[in-house]
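We name chains A, B, ... by the order of the sequence lines, and we start the count at 1 in each one.
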Number of protein chains: 2
Amino acid sequence: MKLLTRDTDYAVRALIFICKAGRRREGATVTADEIIKALKLPKALLRKSLQTLSKNKILISGRGKRGGFSLSKHPSKINIVDIITIFQGPVNFTNCLLRNTPCPNRRMCKVRKKILNLSKYVSSALEKITLSSLS
Amino acid sequence: MKLLTRDTDYAVRALIFICKAGRRREGATVTADEIIKALKLPKALLRKSLQTLSKNKILISGRGKRGGFSLSKHPSKINIVDIITIFQGPVNFTNCLLRNTPCPNRRMCKVRKKILNLSKYVSSALEKITLSSLS
DNA sequence: ATTTAATGATACTATTTTAGTATCATTAAA
DNA sequence: TTTAATGATACTAAAATAGTATCATTAAAT
Ligand code: FES
Ligand code: FES
């Protein structure tokens, strides 16, 4: 059972790396190649993830020579739910799996209600996991 | 983000149905066809799910004419984690996604620890959702 | 100006997981 | 012996995930 797909996982690792670099040197930018080298992740895939983070305003990117990435906001403001949401859609254990057809049995929806509550709990727990708390 | 796959979902619905039948009439058995008809689920797939439940001792099955399924234990003893585990493997948000290679960076494992804790919470919350509480 | 080193955009393939189907064997009651 | 049930198994289809490749664009360094 996967909570994070690889995209997400790689993104989180990369963010942690960038975050640390930022702490070592104020305003530092980090290139994709540096991250790939340091973390040994598949090049094309990580680049894609970084681009996605960039599009979603988690990272600020600089193009051209001396370009690279840096965090767009304070690490305490970046949490895992945001990242998961970007790569995997909203965190909710949706559960009327009779997708198109309407529920045949109202009573069954007790399942759904319970799982929805759990889902909310997980979501808010993940919100509390920020980049600060990870790096 | 899916917590239950269809297999699991169909299985849960079926179990609820069987459970109710059991309450209506002591020792009742229910056939796959009855469930399929009542819940309008894909025949071949539900049969497979029922067989799996049977193999895993959640259901008792009777073959031949007048055969069918019934719960193998009291509905309060059957919980969703069991069912999920059967169809989807153990409930844990495993998360060193660098599967084969060892973790490049011990510090990162804060991610894993936090997610593992969450995973335990979810698991025990799901344990509390029993067939009794659903039907 | 030109080169170089970076990201942006995009299109593609491969693999794995999930979803679903079909068929025949076996069993036990009628 | 027929019939109505599950057991076992093998197969196909669709969707999600994982991964690759290529070229365009940008901006600093020379
Ligand atoms: S059966 Fe549809 S929400 Fe429960
Ligand atoms: S990087 Fe492997 S467990 Fe965290």
Side-chain angles (χ1 to χ4, degrees), chain A residues 1-11 13-14 18 21 28-37 39-70 72 84 86-89 94-95 97-101, chain B residues 1-11 13-14 18 21 28-37 39-70 72 84 86-89 94-95 97-101:
Chain A
M1 179 166 295
K2 240 176 296 183
L3 184 64
L4 311 192
T5 58
R6 293 218 176 174
D7 272 356
T8 314
D9 183 69
Y10 293 169
R13 289 170 202 272
I18 295 167
T29 80
V30 181
T31 70
D33 277 339
E34 284 166 350
I35 300 172
I36 288 155
K37 213 173 171 189
L39 305 183
K40 287 167 189 145
L41 301 176
K43 176 159 181 160
L45 194 49
L46 184 70
R47 281 204 58 216
K48 211 166 55 173
S49 289
L50 291 171
Q51 285 188 9
T52 304
L53 288 173
S54 195
K55 261 187 205 157
N56 285 276
K57 318 277 186 200
I58 304 293
L59 291 177
I60 291 170
S61 72
R63 289 168 73 156
K65 207 163 185 174
R66 289 287 187 133
F69 299 92
S70 59
S72 72
I84 293 180
I86 288 168
F87 290 95
Q88 309 175 42
T94 44
N95 234 88
L97 294 189
L98 289 189
R99 284 161 196 165
N100 310 316
T101 51
Chain B
M1 179 165 298
K2 241 177 296 181
L3 184 64
L4 310 192
T5 58
R6 293 218 177 173
D7 272 357
T8 314
D9 184 69
Y10 292 168
R13 290 170 203 271
I18 295 167
T29 79
V30 181
T31 70
D33 278 339
E34 284 166 351
I35 301 173
I36 288 155
K37 212 174 172 186
L39 306 184
K40 287 166 190 147
L41 301 176
K43 176 158 180 162
L45 194 49
L46 184 70
R47 280 204 60 217
K48 210 165 54 171
S49 289
L50 291 170
Q51 285 187 10
T52 304
L53 288 173
S54 196
K55 261 186 206 160
N56 284 276
K57 319 279 188 197
I58 304 293
L59 291 176
I60 290 170
S61 72
R63 290 167 74 155
K65 207 164 184 174
R66 289 290 188 131
F69 299 92
S70 59
S72 70
I84 293 180
I86 288 169
F87 289 95
Q88 308 175 41
T94 45
N95 233 89
L97 294 189
L98 289 190
R99 283 160 197 166
N100 309 318
T101 53

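When each of dT6(D), dT7(C), dT17(D) is scored by its nearest atom to the side-chain atoms of K2(A), the top-ranked nucleotide is dT17(D). The R66(A) side chain lies nearest to dA28(D) when the options are dG19(D), dA28(D), dT17(D).
To the nearest 0.5 Å, atom CG of residue L45(B) and atom CZ of residue R6(B) are 8.5 Å apart. The CD1 atom of I36(A) lies 7.5 Å from the CG atom of L50(A); values are rounded to the nearest 0.5 Å. For the atom pair CZ of F69(B) and CD1 of I18(B), the computed distance is 7.0 Å after rounding to the nearest 0.5 Å. Rounding to the nearest 0.5 Å gives a distance of 11.5 Å between CD1 of I86(A) and NZ of K55(A). The CG atom of L46(B) lies 10.0 Å from the CD atom of Q51(B); values are rounded to the nearest 0.5 Å.
Among residues at least two apart or in separate chains, salt bridge (charged side-chain N to carboxylate O under 4.0 Å, His left out) pairs with a member in residues 41-53 of chain A are D33(A)-K43(A).
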* Asked: How is the base pairing of DNA chain C summarised as a dot-bracket string, given the Watson-Crick and G-U wobble criteria with both distances under 3.5 Å, [ ] for crossing and | for another strand?
  -> ||||||||||||||||||||||||||||||

* To do: Can you check each nucleotide of nucleotides 7-15 of chain D against protein heavy atoms at under 4.0 Å and return B for base, S for sugar-phosphate only, - for none, in 5' to 3' order?
  => BB-------

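A straight line from CG of L46(B) to P of dA5(D) spans 15 Å, rounded to a whole angstrom. Across the protein-nucleic acid pair, I36(A) atom CD1 and dT20(D) atom C1' stand 13 Å apart, rounded to whole Å. For D7(B) and dT21(C), the CG to P distance is 13 Å, given to the nearest whole Å. Across the protein-nucleic acid pair, L41(B) atom CG and dA19(C) atom C1' stand 13 Å apart, rounded to whole Å. Whole-Å rounding puts the K43(B) NZ to dA4(D) P distance at 12 Å. One atom, CZ of F87(B), and another, P of dG20(C), lie 14 Å apart when rounded to the nearest Å.
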Scan the side chains in residues 56-66 of chain B for donor-acceptor partners under 3.5 Å anywhere in the protein, sequence neighbours excluded, and list what turns up.
from   : atom 1 : to     : atom 2 : distance (Å)
N56(B) : ND2    : T52(B) : O      : 2.9
S61(B) : OG     : S54(B) : OG     : 3.4

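Nearest-nucleotide mapping onto DNA chain D: of K65(A) and P42(A), the residue sitting toward the 5' end is P42(A).
Residues meeting the side chain to side chain donor-acceptor pair (under 3.5 Å) test with T29(B), sequence neighbours left out: none. The side-chain contact (heavy atoms from CB on, under 4.5 Å) search around Q88(B) returns M1(A), L4(B), T5(B), T8(B), I84(B), not counting sequence neighbours.
OP1 or OP2 of dG20(C) has at least one side-chain nitrogen or oxygen of Y10(B) nearer than 4.0 Å.
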